[in-house]
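Before any comments, here is the structure.
Order of the sequence lines fixes the chain letters, A, B, ..., with proteins taken first and strands second; residue numbering starts at 1 for each chain.
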There are 2 protein chains.
Amino acid sequence: MNDVAAAAGLSRTTVSKFFNGSATLKPDTREKIERACRALNYVPDLHAVSLVTGRSNLVGVVLPFIAEPFFGKVLQLMEREAAALGLQIVIQASNNDTRREAAALMALRAMKVHGIILTPIESNDNRALLASLQKEMRIVFLDSFMDENCHFVMNDNHQSIGLMVNYLLSRNVRPAYLGTPRIANPSRPERMAGYIAAMKAAGETPEVIPVAVDTPTWQFEAFAYEQLLNWCGQGGLRESGAGAIMCTTDRMAFGAAKALRKFGRHPGKDMLLAGHDNLDICEYMDPQLTTVHQDIERISQAAMHFIQLDPAELGGRLYQQRFAGRLVIRESA
Amino acid sequence: MNDVAAAAGLSRTTVSKFFNGSATLKPDTREKIERACRALNYVPDLHAVSLVTGRSNLVGVVLPFIAEPFFGKVLQLMEREAAALGLQIVIQASNNDTRREAAALMALRAMKVHGIILTPIESNDNRALLASLQKEMRIVFLDSFMDENCHFVMNDNHQSIGLMVNYLLSRNVRPAYLGTPRIANPSRPERMAGYIAAMKAAGETPEVIPVAVDTPTWQFEAFAYEQLLNWCGQGGLRESGAGAIMCTTDRMAFGAAKALRKFGRHPGKDMLLAGHDNLDICEYMDPQLTTVHQDIERISQAAMHFIQLDPAELGGRLYQQRFAGRLVIRESA
DNA sequence: CTGAAAGCGCTTACAG
DNA sequence: CTGAAAGCGCTTACAG
């Protein structure tokens, strides 16, 4: 910066003002600085800036897994938002390990990140840590949270599940429900409750497919495949009278389809099948998967919007947003 | 840090040594410091550390897209490596836009990142920028590069494609080849050359499916679907005599399967179908996709290994690694 | 609109 | 093994 100031024949203060967007600089001065920067290939040292200002242009994102298609898409959308705001994303995966999650959070704190976007693991291990962190920095929960007393952005599960139940009923089939493994809070109970409520509202008896092993796995396809195989093996298909299997995620529907085929069924023909999320790959499954689109565009936008929000604007209120899903009808139902 | 030093009754120098892993501290001293840190909930300010040391624990990763399943998986694996090395990943997506790519690179430079892992866009726009950046910082190319004069880690395309050609020939079918859209350099020409070479070596005539519009798209499924639809529509299926469609990526195989079905073919039965990469979803396609597994575990590891390598260890040599693929036989071929 | 000065929280020789 | 001092590259009142 000294060099730039010297080359431009100005003081460091003036150069600093230039980078902080001061409107009081003469066009002439600006140009001199721009020229000097270009000549010296100068870019301000962000660590020095962060040290003195006490904040950085970094935003931390902590997700259970990065390669999970839903999270991958959300991350990509958030990156676009971040870039537009001049923010950089530091990405960490907790890998469903509470210690990794805690370490990631602490590292982000040491970096004085602008804020944190977090999809927490379903566990109480980091409850205290999170509670104290929430006091000193901006933290918004995405898709999942510990308790209602936080900022969050997520899908409107009640609405989106209701949409699918009613659509399936309108096709004159009774959907049996296959729920998520024990990982996503509060989406798991919310979606289940949404299914039950919508069925009852329509005067139908809900049928939740029993889950043999309720381990907190992220292998949705394998989980659904095994649970449904089990159910079919025990005569569930015969006894149930359900005309559709309604899954809480697309990935589960992919596993369910495989299990149905194994039992000689043709998903979309003699047994309707529905997912939830609208992953890109749905269009290329056979049959193409009918699902509900989560509004990940707005979810991602809202999360990043919160990060750059001046806390004063919230006026002490909690930032809590739920976005409505949209039915996407394809071949499977 | 002053507070910690005071609380522990020591000087800042000593506390600093503690964090920099000096072995010359008395156990007694260490414990005092640890206690003080815990009491004060202290973590060193990384920006101050970076400012004075001139380097950070940040590593920049620039990919064309984050939600691309292959990149998502690689990113996840790299994050795990980074965490183990005490590094943090700053992720940026170029979105196939050279200006975004240039901006990402400059931002990473301003952050004094430890190094950059880059999958460049196929374009010459940032050639000069990259050349100058390569001189001042560690940059390793992943899966793709501009010219051979760089550090890179990637799949051994010649080997992996040859593997599939020979497998298909061993099943007594002649594979026609559907190549990647114009985006991946040098993988696209390498794989094509690998196919042609393997066919010729086996005494067979190569058959490359002509591509109508060679736009640089990342919509692999849609691209393959359209190209194959075109080809089938023009009687390619009838005239070719090929017994298998060999695709350069799994995602293309998904699109190809859809096109084949549209023309009344049954992938895996009356027309074999093969992919490349071994995405997780392959197992849940119908038919399950036969493919070749890219060794993304080692590719990711090697990339991160390079980042934390002391340049002196290279002794001026280029770090260039190609990893062999592995055949994964399922139902489609 | 511009300049001189203090300070952000650390590390690193250097001296003891 | 520990302490006093300088300095990393910026920003921010403050004075002109």
So, are A:Glu34 and A:Arg30 salt-bridged, with charged N and O less than 4.0 Å apart?
no
Hey, is A:Asp280 close enough to A:Lys73 for a salt bridge, meaning N to O under 4.0 Å?
yes
Over 12 foreign heavy atoms within 6.0 Å of CZ, B:Arg127
yes
Over 12 non-hydrogen atoms of neighbours within 6.0 angstrom of CZ in B:Arg322:
yes
Which of the following nucleotides, [options], is nearest to the side chain of [X]?
| X | options | answer |
| --- | --- | --- |
| A:Thr13 | D:dG3, C:dT11, C:dA4 | C:dA4 |
| B:Ala48 | D:dG9, C:dG9, D:dA13 | C:dG9 |
| B:Arg12 | D:dG9, C:dC10, C:dT12 | C:dC10 |
| B:Thr53 | C:dT12, D:dT12, D:dG9 | C:dT12 |
| A:Leu51 | D:dG9, D:dT2, D:dT12 | D:dG9 |

With a 3.5 angstrom cut-off on both distances, give the Watson-Crick or G-U wobble partner of D:dA4, or none if there isn't one.
none
Once you apply the 3.5 Å cut-off to both distances, tell me the Watson-Crick or G-U wobble partner of C:dA13, or none.
none
Calculate the interatomic distance between [X] atom [atom1] and [N] atom [atom2]; express it in whole Å.
| X | N | atom1 | atom2 | result |
| --- | --- | --- | --- | --- |
| A:Lys17 | D:dA13 | NZ | P | 11 Å |
| B:Phe18 | D:dT2 | CZ | P | 13 Å |
| B:Asp45 | D:dC8 | CG | P | 18 Å |
| B:Lys112 | C:dC10 | NZ | P | 18 Å |
| A:Leu40 | D:dG9 | CG | C1' | 15 Å |
| A:Arg30 | C:dT2 | CZ | C1' | 15 Å |
| B:Phe19 | C:dG9 | CZ | P | 15 Å |
| B:His47 | D:dT11 | NE2 | P | 14 Å |

Is A:Leu46 touching bases, backbone alone, or none of the nucleic acid, heavy atoms closer than 4.0 Å?
nothing
Reckon A:Ser50 touches a base, only the sugar-phosphate, or nothing at all at heavy-atom distances under 4.0 Å?
nothing
Of B:Val52 and B:Thr29, whose nearest nucleotide on DNA chain D comes first from the 5' end?
B:Thr29
The answer to which of B:Leu10 and A:Val15 contacts DNA chain D further toward the 5' end, by nearest nucleotide, is B:Leu10
Nearest atoms (heavy-atom pairs only) where A:Met304 meets A:Ile117
CE-CD1, 3.9 Å
Under 4.0 Å between a side-chain N/O of B:Ser16 and OP1 or OP2 of C:dT11, yes or no?
yes
